[in-house]
Amino acid sequence: RVPRQVKTILVKETKPHIEELSIRTTILSRYAFTAVYCAMLNRHSAAAEGLFQFQIPAGAYVSNFTMIIGGRVYQSEVRLKEKRVKQGNGKPKNKESSDTSPEPEGELFKMTANIPGRNRAFFLLMYEELLQRRLGRYEHVTSLRPTQLVSRLSLDVTIIDHSPVTDLEVLPLRNGKISGTGNSGARPNTPKTPGGRTKSEVPVTTVIKNEKTVWKITFSPNIVQQAKISTSGILGDFVIRYDVQRDMGIGDIQVLNGHFVHFFAPKDLPAVPKNVVFVIDSSASMLGTKMRQTKDALFTILKDLRPGDNFNFISFSNRIKVWQPNRLVPVTPLNIRDAKKFIFTLIPNGGTNIDGAIQSGSSLLREYLSGPDSSPNSVTLIIFLTDGRPTVGELQSTSILGNTRSAVQEKFCIFTIGMGNDVDYRLLERMALENCGMMRRISEEADASAMLKGFYDEIGTPLLSDIRVNYTEDSVDYVTQNLFTNYFNGSELVIAGKLTNRSAESLHVQVTASNNDRNIILETDVPLRRLQIETEKHVKAASAAMAVGAKALGSGVMQVLGNPLSSIAEDFVERVWGFLSVKEGLRSRLRSQTSKEREQHTQLATNLSLNYHFLTPLTNMVVEKPEVLLDGRMAPAPTIAPAADEAAPPLNELPGNTDKPQKLDGNMRRQSSSQSNKIGKVERKPAKKSFTISKTSADGD
Amino acid sequence: PHFVVEFPLSKLTVCFNINGEPGHVLRLVSDHKYSGVTVNGKLIGASAPPGSHKQQRTYFSTITIVADHPKRSYIEVTPTKVILDGRDRIVLPCHSSVTVDSGMLSVAIVQNSNVTVTVGGNISFIILLHQYKNPAPYQRNHLGFYIGNSKGLSRNCHGLLGQFLSEEVGLAELPAEAGTKPSQVLKVKNRSVPVVRKSRRIYSGTQHVDCWFARNNAAKLIDGEYEDYVTSHMFDTGDGP
């Protein structure tokens with residue numbers, strides 16, 4: 001029975017009512033495909049504007065958007081961003097200036113459309129993302145914020161993995177403000193769900209384990225249950241965390257249709273000691289909560305430093321204060337106590353001298369590394385935190401970046417954290433990217449203490465350094481990043497590429513890395529055919545799950561579109577490669593020093609975005625909007641199909657919707673080849689060595 | 001397990017069996033005081049004897065190597081993984097090829113085939129990984145231990161294999177008694193050990209070696225009795241008997 005209060009809310013609702021919101025996600029070997037289906041009813045006789053909005057994860061790319069209004073299909077097209085189109089465009093709202101700014105934490109996909117009187121509109125949005133392993137878990141977040149009570153709301157997540165899934169957790173709905181989507185690094189202190197059932201107040205989550213490698217999670221609160229959580233339709237984030245079994249081997253390699261993806265996350269390795277300098281903003285704007293939370297986090301971080309680590313602190317405002325001048329100190333109880341005193345006495349005032357702070361930190365580390373106390377195989381890093389733009393000393397971002405590069409001399413990495421809204425995130429991201437680090441943002445309202453500690457936890461335990469992943473010479477092409485400065489505990493390195501010879505029996509994979517004073521070489525011959533068969537098996541399972549999901553999604557839409565998810569799954573390894581290549585292209589573009597270099601990276605990332613229909617900072621999603629007459633009826637449309645042929649694509653644009661892999665243009669081929677040349681190729685086949693040894697032995701049969 | 005000892009100077013190969021008991025840890029190489037290297041092997045039994053007339057076989061389930069220099073390291077090899085324990089611990093699976101090299105100590109796994117442990121450049125041991133796809137009841141996944149390079153081991157090295165590394169042996173023929181063939185004896189450390197001619201397969205059965213076989217758990221061939229080589233635990237480095 002629907003309570004009277006809920007009925008009243010529904011009756012009072014003037015905007016078109018969401019009859020159904022179904023979200024189906026299939027996570028196939030950590031690559032997540034999500035389809036969001038929304039059916040909206042305009043009860044009134046006059047036309048009304050329907051708003052479809054959906055929060056997509058920060059790392060995801062939208063790959064399709066389709067509307068059906070008044071029986072007509074309006075399908076989106078991904079185009080070059082520079083190309084202005086008069087018709088409606090469905091770009092995510094936050095992406096308007098994202099060409100120059102780094103990815104925000106989450107993006108709101110928004111589309112408004114006029115729905116004729118007493119008519120329905122159907123929206124279908126699809127996005128894809130490669131789940132990143134952080135703190136030993138993959139986290140999948142679905143935003144459930146339809147902004148109104150929904151008659152039929154359902155979320156289905158199917159996890160199909162090559163390796164057995166472990167430690168699956170479904171967290172209670174993360175309510176409140178739109179929070180980070182896994183970028184936070186903070187882990188809410190929530191209990192593991194006993195028996196696979198969430199401890200959320202809403203008793204509607206079920207976790208069903210079908211078989212060893214297939215898990216299905218469903219969440220479908222009815223309208224009354226939704227009203228109990230929130231009458232405004234802001235339910236929160238539905239978060240699933242899990243990991244997969246792994247060991248110290250070469251990792252997990254998947255092969256499909258001439259592409260491969262290699263997940264490398266070894267365990268059972270000892271931590272490498274680190275030399276770390278914390279560079280902390282103590283300018284006036286840090287006053288209050290920010291400084292208190294920063295101090296809390298630093299106190300906790302101090303406890304987590306390991307005996308082999310060396311550290312120092314720098315605070316900066318107008319003045320730069322170095323806790324232990326000219327040296328790094330080892331982790332001893334006395335040093336920890338003194339460091340706590342230093343942190344305790346930090347008082348925010350003055351401006352923000354970012355350049356000076358980085359120079360001081362770099363000079364400390366350079367001197368330490370050239371001294372007798374440093375271990376050649378330890379990992380050295382700066383953790384830099386600020387809440388503002390540079391206001392003292394060097395103010396120009398380009399100069400700061402140049403000075404930083406000169407100071408760092410590729411001897412250590414810089415990890416940057418920005419707090420709040422007044423940060424030059426582009427500066428921080430470039431600073432991190434150019435110096436083998438990462439950047440994190442802490443939003444104004446977030447719990448900075450937990451997020452700062454979470455970020456430290458991610459990078460606090462380096463396990464390997466100078467990691468190099470090589471594949472048999474001439475067997476692979478267009479390999480994504482295969483050299484990594486560090487591998488941190490709980491993370492994962494992912495490499496993808498194309499196989500030049502699809503019929504090859506095996507691929508030799510070699511990983512070389514350093515762990516403290518040891519060099520480690522991992523190598524194996526990967527049986528390509530067997531892996532292809534295994535991956536196909538998983539794809540079949542995924543396609544079946546997607547077919548069930550598609551059936552549940554609104555048959556009208558699927559009749560029109562076929563089952564797009566299923567076809568995506570069939571090429572998922574290629575899509576992982578495309579996804580990673582686009583990300584890499586965008587990162588390289590941000591890092592580029594010259595306009596020519598930037599142009600090359602832009603071209604590469606754009607071509608790939610267009611090829612795989614990814615809505616990225618370089619592309620627009622264009623969709624024709626229906627015209628509705630004043631009397632509420634649809635205007636007669638000149639064409640039924642989407643306006644794909646309105647304009648000929650520019651010469652450098654790849655055709656969009658092709659099933660087969662596109663031939664890459666000359667630029668990319670040159671670039672990838674040069675990249676391939678840079679990476680060492682394996683020629684040696686280790687196989688089973690024949691060795692000359694003495695017969696002196698003790699053996700069995 | 002079957003033991004084979006090669007005496008290069010004497011150009012003789014001697015072999016013997018020591019069956020032991022499941023759970024026993026046998027000291028194979030013991031040079032703790034000098035080169036700092038000790039090798040022990042733990043026995044397991046098969047779940048059934050190969051035939052009604054034969055006794056239950058034992059195999060090496062784990063080989064442990066303790067190396068003292070430059071710092072003490074413990075290496076534990078099983079058919080599925082290698083645990084490298086020094087200041088910290090690394091667990092390496094045997095199903096992929098892995099090399100861990102820290103200068104004085106190196107461990108190299110060739111996937112599902114063998115593990116080579118090199119200490120200081122002039123001591124190396126090869127451990128073969130015997131894995132059965134469809135084992136019979138009397139078969140167990142087990143290990144074979146081979147000495148690759150013993151130049152770095154001292155003349156005082158001991159253990160079931162180690163004691164022979166610097167020894168010379170000789171072969172003598174005992175005159176035949178009436179109605180019997182002449183018998184052979186091995187002269188080792190002033191002891192005479194009756195031996196017979198046998199053939200052994202080594203290196204996972206890929207090669208044959210003709211050897212002089214000493215019966216009764218190598219009685220008289222080895223110093224003391226085989227029970228003297230049973231140690232209290234896997235990482236025991238006590239000197240030989």
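The chains referred to below are lettered A, B, ... by the order of the sequence lines, with proteins before strands, and numbering in each begins at 1. These numbers come from the heavy atoms of this one structure, side chains and all, not from hydrogens, waters or symmetry mates.
For the side chain to side chain contact (heavy atoms under 4.5 Å, CB included) with V98(B), the qualifying choice from L522(A), I521(A), I250(A), V511(A) is L522(A), the only one to do so.
Heavy-atom neighbours of R197(B) CZ from other residues, nucleotides or ligands within 6.0 Å: above the threshold of 12. More than 12 non-hydrogen atoms from other residues, nucleotides or ligands lie less than 6.0 angstrom from NZ of K189(B).
For a residue to count as touching a neighbouring chain, one of its non-hydrogen atoms must lie under 4.5 Å from one of that chain's; by this rule I202(B) touches chain A with the side chain only. When heavy atoms are compared at a cutoff of 4.5 Å, V209(B) approaches chain A solely by way of its side chain, counted from C-beta outward. In this structure, no portion of I109(B) lies under 4.5 Å from any heavy atom of chain A.
Remark: S106(B) engages no residue in a side chain to side chain donor-acceptor pair (under 3.5 Å) (not counting sequence neighbours).
Rounding to the nearest 0.5 angstrom, the gap separating the OG atom in S97(B) from the CG atom in D525(A) is 7.5 Å. Atom OG of S697(A) is separated from atom CG of L161(B) by 7.0 Å, given to the nearest 0.5 angstrom. If you take CD on Q510(A) and OG1 on T99(B), they are separated by 8.5 Å, rounding to the nearest 0.5 Å. Rounding to the nearest 0.5 angstrom, the gap separating the CZ atom in R518(A) from the CG atom in L105(B) is 8.5 Å.
Contact annotation: the side chain of D699(A) approaches that of L128(B) to within less than 4.5 Å [non-hydrogen atoms, C-beta and beyond]. Contact check for Y146(B) versus T696(A): no side-chain heavy atoms found under the 4.5 Å cut-off.
Between K81(B) and D268(A), none of the side-chain N atoms (NZ, or NE/NH1/NH2) sits under 4.0 Å from a carboxylate O, so this pair counts as no salt bridge.
Residues P270(A) and R89(B) share a closest heavy-atom pair of CD-O, 3.1 Å. Heavy atoms only, all atoms of each residue included: E6(B) and K695(A) are closest at OE1-N, 3.1 Å. Shown here for S96(B) and G249(A), the closest heavy-atom pair between the two residues is OG-CA, 3.6 Å. In plain terms, the two heavy atoms of A698(A) and F3(B) that are nearest each other are CB-CE2, 3.5 Å.
Counting heavy-atom pairs closer than 4.5 Å to chain A, the top residue among G103(B), P93(B), G144(B), S102(B) is P93(B).
Within the structure, salt bridge (charged side-chain N to carboxylate O under 4.0 Å, His left out) pairs that include any residue of residues 91-113 of chain B do not occur (at least two apart or interchain).
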Query raised in the report: Under the side-chain hydrogen bond (donor to acceptor under 3.5 Å, both in side chains) criterion, do Q111(B) and T524(A) qualify, and how do the steps go?
Result: CA-CA 7 Å; Q111(B) 64 180 100; T524(A) 197; 2.7 Å; yes

